[in-house]
Peer 1: 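One structure, as structure tokens, below. Some questions next.
Heads up: numbering here begins at 1 and tracks the sequence. All values below were derived from every heavy atom in this structure, side-chain atoms included, with hydrogens, water molecules and symmetry-related copies excluded.
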Amino acid sequence: MIGNLVSTVIPVFNRGAMLREAVASVLAQTWRPIEIIIVDDGSTDDTPAVAAELAAKHPEIVRVLHQSNAGPGVARQRGLEDSRGEFVQFLDSDDLLLPEKFALQVAGLRGDPEAGIAYGKSYRESRGERRPHPDARIYEQPRTLFPVLLKYRIWDTLTPLYRRDLLDQVGPWPRTRQLEDWEYDAQAAALGAKLVFVDSYLAVSYDHGGDRLCHLWMRDPSAMRERVAAYVAVLNHAKRAGVPRDSVEMRQFVRSLFWMARTAGSYGLPDEARRLFDLARSEALHPGWDYRLFAWMAALFGWTRASRWADRLARRAA
């Protein structure tokens, strides 16, 4: 590990033009020293050529790794293992960092020795319009990821800056392609990692529209299975961290498990539906009539039909 060095890991798949912009935003950082590890995740277009060009132009900063297509989590882990920095940044190839990000977050971590992760505010840009990220609940400014992580993520993947020694304890990125970033946050949360908030805008995530990897679960049963596995993993991490069953966050998460059980069932995954339902019912403080009704419907008509009927009823009620 090299002191003061900030390592940026950029997984990329078939995004040559966007990769140029992402790398440019790292090169524009006011902080030095930096390094950039591009992990080409089996691209089939001009992305490998673009990555090679960037490495040739900035040989002292940019390195390129290649792997067969395995998804962003595996690519991030590959880049992390090759990195040498005291601090680590994960950046998706279609997003950008603002120039002062590293300087502000390193200062935040230096000023708070207990903190392992620095985060802050970010923008979401869509159709040329840049606004404060609508999903980032930064006004809460929690000191730890649990229990708030059971309600929502407080950042996009590009927002935090990590101490490398914390990531060595967190363990590897999940090898799945669905909710792998949420599960990775839960791994850090289970360690009790401390956070420090930097009250500045640090990054820009882009909403490009169209099809996205995170939406694959809507049509691919294997992707839905990965989402189910992520929910189970997050629950286990929360229990390992000692999040109380009667906390507001845990009660809300248990309701999410119940909802995911019905969703999995409606997508034709009865085993996954049963697993999530059993978890939700066992973790609920006082399972209500809706649990009993759904269990009766599943026993009588099967998990898939019961889930689809429950989904229709929920939509009508909404």
Side-chain angles (χ1 to χ4, degrees), residues 1 9 71-81 83 86-90 105 108-109 112-120 135-138 140-197 214 225-260 272 275-276 278-280 282-285:
M1 187 174 69
V9 177
V74 174
R76 292 182 191 121
Q77 184 62 31
R78 175 82 185 280
L80 175 62
E81 291 170 358
S83 67
E86 179 183 1
F87 306 99
V88 178
Q89 166 77 52
F90 297 108
Q105 289 182 296
L109 290 169
D112 188 345
E114 290 187 351
I117 308 173
Y119 72 107
D135 298 329
R137 310 297 181 93
I138 49 85
E140 291 194 10
Q141 299 181 23
R143 180 60 167 167
T144 58
L145 280 162
F146 277 149
V148 68
L149 188 64
L150 295 177
K151 295 195 297 182
Y152 41 71
R153 297 187 71 207
I154 61 172
W155 55 56
D156 275 347
T157 304
L158 77 165
T159 306
L161 184 73
Y162 301 87
R163 293 188 194 270
R164 174 57 186 263
D165 55 4
L166 170 66
L167 297 187
D168 289 340
Q169 301 174 56
V170 168
W173 275 82
R175 301 183 65 85
T176 53
R177 301 170 188 254
Q178 297 287 308
L179 300 179
E180 80 289 339
D181 42 8
W182 184 41
E183 186 176 339
Y184 193 70
D185 287 345
Q187 292 173 204
L191 295 174
K194 300 295 190 296
L195 314 179
V196 58
F197 176 70
C214 61
R225 289 189 181 93
E226 289 191 348
R227 291 180 73 85
V228 169
Y231 271 80
V232 174
V234 170
L235 173 64
N236 289 334
H237 288 308
K239 293 172 68 174
R240 182 158 61 94
V243 177
R245 286 182 64 199
D246 60 352
S247 66
V248 172
E249 295 84 359
M250 183 61 87
R251 294 203 306 270
Q252 182 174 322
F253 184 74
V254 168
R255 293 300 302 181
S256 296
L257 288 176
F258 188 20
W259 172 79
M260 273 297 294
E272 286 75 12
R275 182 185 187 191
L276 287 176
D278 289 345
L279 280 173
S282 66
E283 295 298 330
L285 291 178

Peer 1: Closest approach of R153 and D156, non-hydrogen atoms and distance?
Peer 2: NH2-C, 4.3 Å

Peer 1: Could you check L276 against V228 for side chain to side chain contact (heavy atoms under 4.5 Å, CB included), going step by step and ending with a plain yes or no?
Peer 2: CA-CA 8 Å; L276 287 176; V228 169; 3.8 Å; yes

Peer 1: L150 versus V243: any side-chain heavy-atom pair under 4.5 Å?
Peer 2: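 Touching, per the 4.5 Å side-chain cut-off.
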
Peer 1: Please check if the number of heavy atoms outside R175 that lie under 6.0 Å from its CZ is greater than 12.
Peer 2: no

Peer 1: One pair to check against side chain to side chain contact (heavy atoms under 4.5 Å, CB included): L167 and W173. What are the steps and the verdict?
Peer 2: CA-CA 10 Å; L167 297 187; W173 275 82; over 6 Å; no

Peer 1: Show your working on salt bridge (charged side-chain N to carboxylate O under 4.0 Å, His left out) between E114 and R143 and close with a plain yes or no.
Peer 2: CA-CA 10 Å; E114 290 187 351; R143 180 60 167 167; 3.4 Å; yes

Peer 1: Would you name the heavy atoms of A241 and A189 that are closest together and state the gap between them?
Peer 2: CB-O, 4.3 Å

Peer 1: Between CZ of F253 and OG of S247, what distance do you get to the nearest 0.5 Å?
Peer 2: 11.5 Å

Peer 1: Drop me the distance from L80's CG to D168's CG, to the nearest 0.5 angstrom.
Peer 2: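 Here the interatomic distance stands at 7.0 Å.
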
Peer 1: Show the nearest heavy-atom pair for residues R240 and A190, with the distance to one decimal.
Peer 2: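 Scanning both residues completely, I find the closest heavy atoms to be NH2-CB, 3.3 Å.
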
Peer 1: How many angstroms lie between atom CD of Q141 and atom CD1 of I154, to the nearest 0.5 angstrom?
Peer 2: 9.5 Å

Peer 1: Please examine the side chains of P147 and M250, heavy atoms only from C-beta on, and report whether any two atoms are closer than 4.5 Å.
Peer 2: no

Peer 1: If you define the side chain from C-beta out and look only at heavy atoms, does anything of V9 sit under 4.5 Å from Q89?
Peer 2: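 Of all side-chain heavy-atom pairs linking Q89 with V9, none is under 4.5 Å.
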
Peer 1: Decide if the gap between the ring center of Y119 and the ring center of F197 is smaller than 6.0 angstrom.
Peer 2: yes

Peer 1: So T159 and F90, side chain to side chain contact (heavy atoms under 4.5 Å, CB included) or not? Walk me through it.
Peer 2: CA-CA 8 Å; T159 306; F90 297 108; over 6 Å; no

Peer 1: Should we say atom CZ of R251 is surrounded by more than 12 heavy atoms from elsewhere, each under 6.0 Å from it?
Peer 2: yes

Peer 1: List the atom of Q178, the atom of E226, and the distance in Å for their closest heavy-atom pair.
Peer 2: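 Closest approach of Q178 to E226, heavy atoms only: N-OE1, 3.3 Å.
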
Peer 1: Compare every heavy atom of T144 with every heavy atom of V148, then report the nearest pair and how far apart it is.
Peer 2: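 It is CG1-O, 4.1 Å.
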
Peer 1: Could you grab the distance from atom CD of E180 to atom CD of Q77, nearest 0.5 Å is fine?
Peer 2: 12.0 Å

Peer 1: Anything under 30° is parallel, anything over 60° is perpendicular, the rest tilted; go ahead and classify Y162 against Y184.
Peer 2: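 Perpendicular.
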
Peer 1: How long is the straight-line distance from OG1 of T176 back to CD of E183, given to the nearest 0.5 Å?
Peer 2: 5.5 Å

Peer 1: For the residue pair S83 and V88, what are the closest heavy atoms and their distance?
Peer 2: OG-CG2, 4.5 Å

Peer 1: Can you tell if the side chain of R163 reaches within under 4.5 Å of the side chain of I117, non-hydrogen atoms only?
Peer 2: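 They are not in side-chain contact.
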
Peer 1: Got M1 and E86 here, is their nearest side-chain heavy-atom distance under 4.5 Å?
Peer 2: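 Yes. Closest side-chain heavy atoms under 4.5 Å.
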
Peer 1: Any salt bridge linking D112 with K194? Criterion: basic side-chain nitrogen under 4.0 Å from a carboxylate oxygen.
Peer 2: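 No.
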
Peer 1: Taking E283 for the side chain and V254 for the main chain, is one N or O donor matched with an acceptor at less than 3.5 Å?
Peer 2: no

Peer 1: Could you walk me through whether W155 and L195 pass the side chain to side chain contact (heavy atoms under 4.5 Å, CB included) check?
Peer 2: CA-CA 12 Å; W155 55 56; L195 314 179; 3.9 Å; yes

Peer 1: Quick one, R76 with D181, criterion salt bridge (charged side-chain N to carboxylate O under 4.0 Å, His left out). Give me CA distance, side-chain angles, the key distance, then yes/no.
Peer 2: CA-CA 10 Å; R76 292 182 191 121; D181 42 8; 5.3 Å; no

Peer 1: Aromatic ring centroids of Y231 and W182 under 6.0 Å?
Peer 2: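 They qualify: ring centres under 6.0 Å apart.
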
Peer 1: Using a 4.5 Å cut-off on heavy atoms from C-beta on, say whether the side chain of F146 contacts that of D185.
Peer 2: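 They are not in contact (no side-chain heavy atoms under 4.5 Å apart), so the answer is no.
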
Peer 1: Taking the side chain as everything from C-beta on, heavy atoms only, tell me whether E249 gets closer than 4.5 Å to L149.
Peer 2: no

Peer 1: Measure the shortest side-chain to side-chain distance between D246 and L285 over non-hydrogen atoms and say whether it is less than 4.5 angstrom.
Peer 2: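 D246 vs L285: side chains touch.
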
Peer 1: What is the distance from atom CZ of R275 to atom CG of L257, rounded to the nearest 0.5 Å?
Peer 2: 10.5 Å

Peer 1: Does a salt bridge link R225 with E272, judged by any charged N lying under 4.0 Å from a carboxylate O?
Peer 2: yes

